[in-house]
Amino acid sequence: MAESSKVYDVIVVGGGHAGCEAARAAARMGMETLLLSIHLDSIAHMPCSPSIGGLGKGQLVKEVDALGGVMARVADLSAIQYRLLNTSKGSAVQGSRTQNDKTVYSHTMKAILEGVDRLAIKQTLVEDLLVDSERVMGVRDHLGVEFYAKTVVMTTGTFLSGLVHIGEHRIRAGRAWEMPAYGLAQSLVGLGFSMGRMKTGTPPRLRSSTIDFSRFSEQGGDEELRPFSMFTEKMPLRQVPCFIGRTSPETLEIIRKNIQHSPLYSGAIKGVPARYCPSLEDKVMRFPEKEGHRIILEPEGLETEEIYASGLGNSLPYEIQVRLVRSVPGLEQAQIMRPAYAIEYDFVRPTQLRPTLETRPVSGLFFAGQINGTSGYEEAAAQGLLAGINAALKARGEGPFTLDRSQAYLGVMVDDLVTRGTEEPYRMFTSRAEYRLLLREDNADERLLEFGVNFGLHHPKTLAELKERQGMVKDEVMRLKTVTVTPSDAVNEVLAGVGSKPLSKPSSLDKILKRPGVGYPEVERIEGAPSPLPQEVIRQVVTRVKYEGYVRRQEAEAARFRNLERVRIPEEFDYAGIPGLRAELKEKLKHIRPASLGQASRIPGMTPAALAVLMVWVKRQAG
């Protein structure tokens with residue numbers, strides 16, 4: 001039974017962080033778009049930590065903002081604490097993070113989506129994909145209603161064959177008590193997709209009024225609130241602290257004595273967990289030498305008593321969870337409002353994707369978020385935005401949009417997924433980016449905003465504003481390089497104030513700024529700019545000057561990288577006929593179908609010698 005004869009340009013399945021970005025982007029690009037979600041009250045829900053950003057993740061949020069997505073803006077409208085992480089290190093590895101009111105975040109995102117032209121939103125459970133001759137035609141829901149479209153974006157989160165574990169209890173759910181998507185998982189298997197299974201989890205939520213916060217250390221936010229989005233003018237919500245504590249020896253003993261009741265250790269859970277975000281029972285068993293583990297109490301909002309107990313994640317039976325929680329100093333009387341649980345779910349192995357996030361087996365079908373083996377709201381949103389843009393481009397018959405590893409963290413993540421795949425929940429870290437000095441939070445607009453303008457996701461005036469800022473940065477860097485300062489008591493007094501050696505001979509301002517401990521305030525005291533500069537301009541100026549040599553080297557490395565990326569490999573290239581390549585490598589090349597020599601170079605098992613052979617045959621075929 002068809003909903004109607006209407007054929008949408010884009011259908012997005014799933015209303016999580018990936019689905020919201022995909023649907024909004026496609027509709028803003030002029031496509032008739034339909035968003036289908038299991039529960040409209042859970043759009044952009046935060047089922048785990050009520051926060052946005054962090055190390056590596058903050059860069060993704062800034063990139064979403066620059067490309068024309070909305071996560072950063074919604075984060076600012078719902079933020080109840082701002083923190084810039086890694087401030088003791090260079091700007092390339094710093095990351096912005098907000099604590100958020102999860103209800104405000106969800107309601108704000110839903111309101112934004114409801115205000116987008118050409119975007120229809122419906123509540124239903126999608127059970128099947130409609131495919132004809134290896135091309136997607138639409139979807140069918142649990143009531144048998146069919147929705148037709150030129151392209152479909154799947155953003156199913158943890159709902160594919162979702163199974164919640166609390167001790168010996170098993171609940172078929174996509175997350176705490178929401179309907180799972182078992183039929184859709186079977187549909188994907190039937191289409192020939194290679195699937196895997198992963199596990200994640202979430203800690204208990206505690207009632208604030210039952211916690212003795214005096215036993216915890218208060219962790220406040222930054223005094224200077226730096227918004228996530230370049231378009232944010234006001235952060236409206238009251239700022240509140242988090243609280244840090246530690247488990248007790250009794251906590252560890254409770255886990256050790258009851259580990260047999262954990263489905264993670266009893267063998268009940270088959271999904272692969274994340275190594276970098278282990279549950280508490282996993283940490284206790286893997287690191288027996290540790291006498292305690294850190295706990296962070298994070299408020300879930302301003303109008304709720306629920307506290308997210310980060311660090312207490314587990315899948316133990318409820319009665320053991322109560323004992324475990326109350327063994328922590330300060331939580332002796334704590335009430336659990338929602339129990340901790342583990343959830344395992346199906347994902348599609350991402351080496352079956354193109355760099356556009358379109359699937360190879362089915363044309364017009366795109367995947368984004370946890371269905372690709374990633375974890376985290378930020379990773380999902382970035383993929384959703386890319387998939388939504390490409391679904392819209394395909395629907396209107398235009399060429400694809402991709403980003404490489406030298407352009408964006410989003411490019412790094414997608415290349416990792418489609419080239420190397422993942423066997424555990426993939427999380428973005430700054431260490432994954434070879435060119436992270438070029439991919440800073442403060443220059444995401446320089447790298448990506450023009451793409452957003454071209455896609456119609458930004459107003460054209462934003463590009464003019466960017467060019468103006470770029471001009472200000474360029475002019476100030478040039479001024480610092482050309483203004484020479486001579487030694488004087490006044491100058492040396494400024495330098496002495498930050499522990500820097502006195503000036504013994506004339507020096508340009510940029511060389512003074514490069515000194516350890518010297519910041520822009522000291523340069524201003526020595527020789528201020530003709531007119532005050534915006535803080536975002538000053539931050540970019542300081543980074544460019546202080547890291548000039550390192551940036552220049554990375555730019556040279558990125559140029560060499562792009563030379564390999566320019567050597568394109570045809571989709572139908574015959575790898576079987578290349579002599580000198582191992583059979584195993586030929587199979588990997590045939591499976592992954594790298595789009596370029598650069599992508600081929602990153603396939604596991606590719607050696608310099610094999611790459612040289614491949615280069616010869618690719619160029620020979622190109623004629």
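In what follows, residues are counted from 1 in the order of the sequence shown. FYI, side chains are in, hydrogens and waters are out, and symmetry mates aren't considered; it's all heavy atoms of this structure. What you are looking at is a predicted structure, and each value in this text was computed from that prediction instead of being measured.
Relative orientation of the Phe231 and His458 rings is tilted, given thresholds of 30° and 60° on the angle between their planes.
Of the charged side-chain nitrogens involved, at least one lies within less than 4.0 Å of a carboxylate oxygen, so that Glu548 and Lys514 count as a salt-bridged pair. Comment: Glu476 engages Arg479 in a salt bridge, judged by a side-chain N to carboxylate O separation of less than 4.0 angstrom. Ion pairing between a basic and an acidic side chain is recognised when a charged N comes within 4.0 Å of a carboxylate O; Glu536 and Arg469 show no such pairing. Between Glu300 and Lys102, at least one side-chain nitrogen of the basic residue sits less than 4.0 Å from a carboxylate oxygen of the acidic one, meeting the salt-bridge criterion. Electrostatic pairing of Arg97 and Glu298 counts as a salt bridge here, judged by a charged N lying under 4.0 Å from a carboxylate O.
A pairwise comparison of heavy atoms in Ile512 and Ser507 identifies CG1-OG, 3.8 Å as the closest pair. Shown here for Leu385 and Gly69, the closest heavy-atom pair between the two residues is CD2-N, 3.9 Å. Scanning both residues, Ala382 and Met413, for their nearest heavy atoms gives CB-CE, 4.0 Å. Taking all atoms of both residues into account, the shortest heavy-atom contact from Pro278 to Arg286 is CB-NH1, 3.6 Å. Summarising the geometry of Arg440 relative to Thr543, their closest heavy-atom pair is NE-CG2, 3.1 Å, with the distance given to 0.1 Å. Taking every heavy atom of both residues into account, Thr430 and Leu55 meet most closely at CG2-C, 4.4 Å.
Remark: the Thr103 side chain and the Glu303 side chain contain no N/O donor-acceptor pair separated by less than 3.5 Å. Side-chain contact annotation: Asn372 with Thr374, donor-acceptor N/O pair under 3.5 Å absent. In this model, a donor atom of one side chain and an acceptor atom of the other lie less than 3.5 Å apart for Asp76 and Thr232. For the residue pair Gln370 / Thr158, no side-chain donor-acceptor distance below 3.5 Å is found, with atom types taken as modelled. Looking only at atom types and distance, the side chain of Arg539 has no donor-acceptor partner in the side chain of Ser91 under 3.5 Å away. Residues Thr251 and Ser248 have side chains that bring a donor and an acceptor to within less than 3.5 angstrom of each other. Using modelled atom types, one finds a donor on one side chain and an acceptor on the other under 3.5 Å when comparing Ser96 with Glu441. In the model, Ser500 has a side-chain atom that pairs as donor or acceptor with a side-chain atom of Arg515 under 3.5 Å. In this structure, a donor-acceptor pair under 3.5 Å is absent between the side chains of Tyr547 and Gln554.
Between the side chain of Asp415 and the backbone N or O of Arg405, no donor-acceptor pair lies under 3.5 Å. Judged by distance alone, with hydrogens and angles left aside, the side-chain atoms of Glu291 form no donor-acceptor pair with the main-chain N or O of Pro249 at under 3.5 Å. No donor-acceptor distance shorter than 3.5 angstrom exists from the side chain of Arg73 to the backbone of Val70, with no hydrogens or angles considered. Here the side chain of Arg205 pairs a donor or acceptor atom with the backbone of Pro203 at under 3.5 angstrom. Checked by atom type and distance alone, the side chain of Asp222 never pairs as donor or acceptor with a backbone atom of Glu224 at under 3.5 Å. Put simply, the side chain of Glu424 never gets that close to the backbone of Ala274: no donor and acceptor are under 3.5 Å apart. In this structure, the side chain of Asp404 does not engage the main chain of Thr402 through any donor-acceptor pair within 3.5 Å. Between the side chain of Asn454 and the backbone N or O of Glu450 there is at least one donor-acceptor pair closer than 3.5 Å. Between the Ser327 side chain and the Leu324 main chain, a donor and an acceptor come within less than 3.5 Å of each other. Between the Tyr377 side chain and the Ser49 main chain, a donor and an acceptor come within less than 3.5 Å of each other.
Separation of atoms NZ (Lys62) and OH (Tyr409) is listed at 13.5 Å; rounding is to 0.5 Å. For the atom pair CG of Leu331 and CZ of Phe213, the computed distance is 8.5 Å after rounding to the nearest 0.5 Å. Note that the CG atom of Leu533 and the OG atom of Ser531 stand 6.0 Å from one another [nearest 0.5 Å]. For the atom pair CG of Asn390 and CZ of Phe401, the computed distance is 7.5 Å after rounding to the nearest 0.5 Å. Note that CG of Leu480 and OG of Ser508 are 8.5 Å apart. Values are rounded to the nearest 0.5 Å. Rounding to the nearest 0.5 Å places CE of Met71 at 5.5 Å from NE2 of His17.
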List the steps, then state whether salt bridge (charged side-chain N to carboxylate O under 4.0 Å, His left out) holds for Arg349 with Glu423.
CA-CA 9 Å; Arg349 299 194 182 281; Glu423 295 300 324; 3.4 Å; yes

Please test Leu353 against Leu417 for side chain to side chain contact (heavy atoms under 4.5 Å, CB included), starting from the C-alpha separation and ending with a verdict.
CA-CA 8 Å; Leu353 300 175; Leu417 293 172; 5.8 Å; no

Go through Ser315 and Glu281 one step at a time and tell me if the side chain to side chain donor-acceptor pair (under 3.5 Å) criterion holds.
CA-CA 8 Å; Ser315 53; Glu281 72 258 49; 3.0 Å; yes

For the pair Leu252 and His293, evaluate side chain to side chain contact (heavy atoms under 4.5 Å, CB included) and give the outcome as yes or no after the intermediate values.
CA-CA 9 Å; Leu252 309 188; His293 299 274; 3.8 Å; yes

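The closest side-chain heavy-atom distance from Phe451 to Ile389 is not below 4.5 Å. Taking the side chain as every heavy atom from C-beta outward, Ser42 and Arg175 approach each other to under 4.5 Å. Using a 4.5 Å cut-off on side-chain heavy atoms (C-beta onward), Leu225 and Gln239 make contact. Proximity of Thr98 to Tyr82: side-chain heavy atoms (C-beta onward) are separated by under 4.5 Å at one or more points. No side-chain heavy atom of Thr202 sits less than 4.5 Å from a side-chain heavy atom of Pro47. Taking the side chain as every heavy atom from C-beta outward, Gln219 and Pro241 never approach each other to under 4.5 Å. No side-chain heavy atom of Leu403 sits under 4.5 Å from any side-chain heavy atom of Val414. The shortest distance between side-chain heavy atoms of Thr422 and Asp416 does not fall below 4.5 Å.
The ring-ring contact (aromatic ring centres under 6.0 Å, His included) search around Phe429 returns Tyr276, not counting sequence neighbours.
Surrounding CD of Glu465 are more than 12 heavy atoms belonging to other residues, nucleotides or ligands, all under 6.0 Å away. More than 12 heavy atoms of other shown residues, nucleotides or ligands fall within 6.0 angstrom of atom CD in Glu218.
Shown are Leu280, Val325, Ile244, Leu312; of these, the side-chain contact (heavy atoms from CB on, under 4.5 Å) with Ile295 is made only by Leu312.
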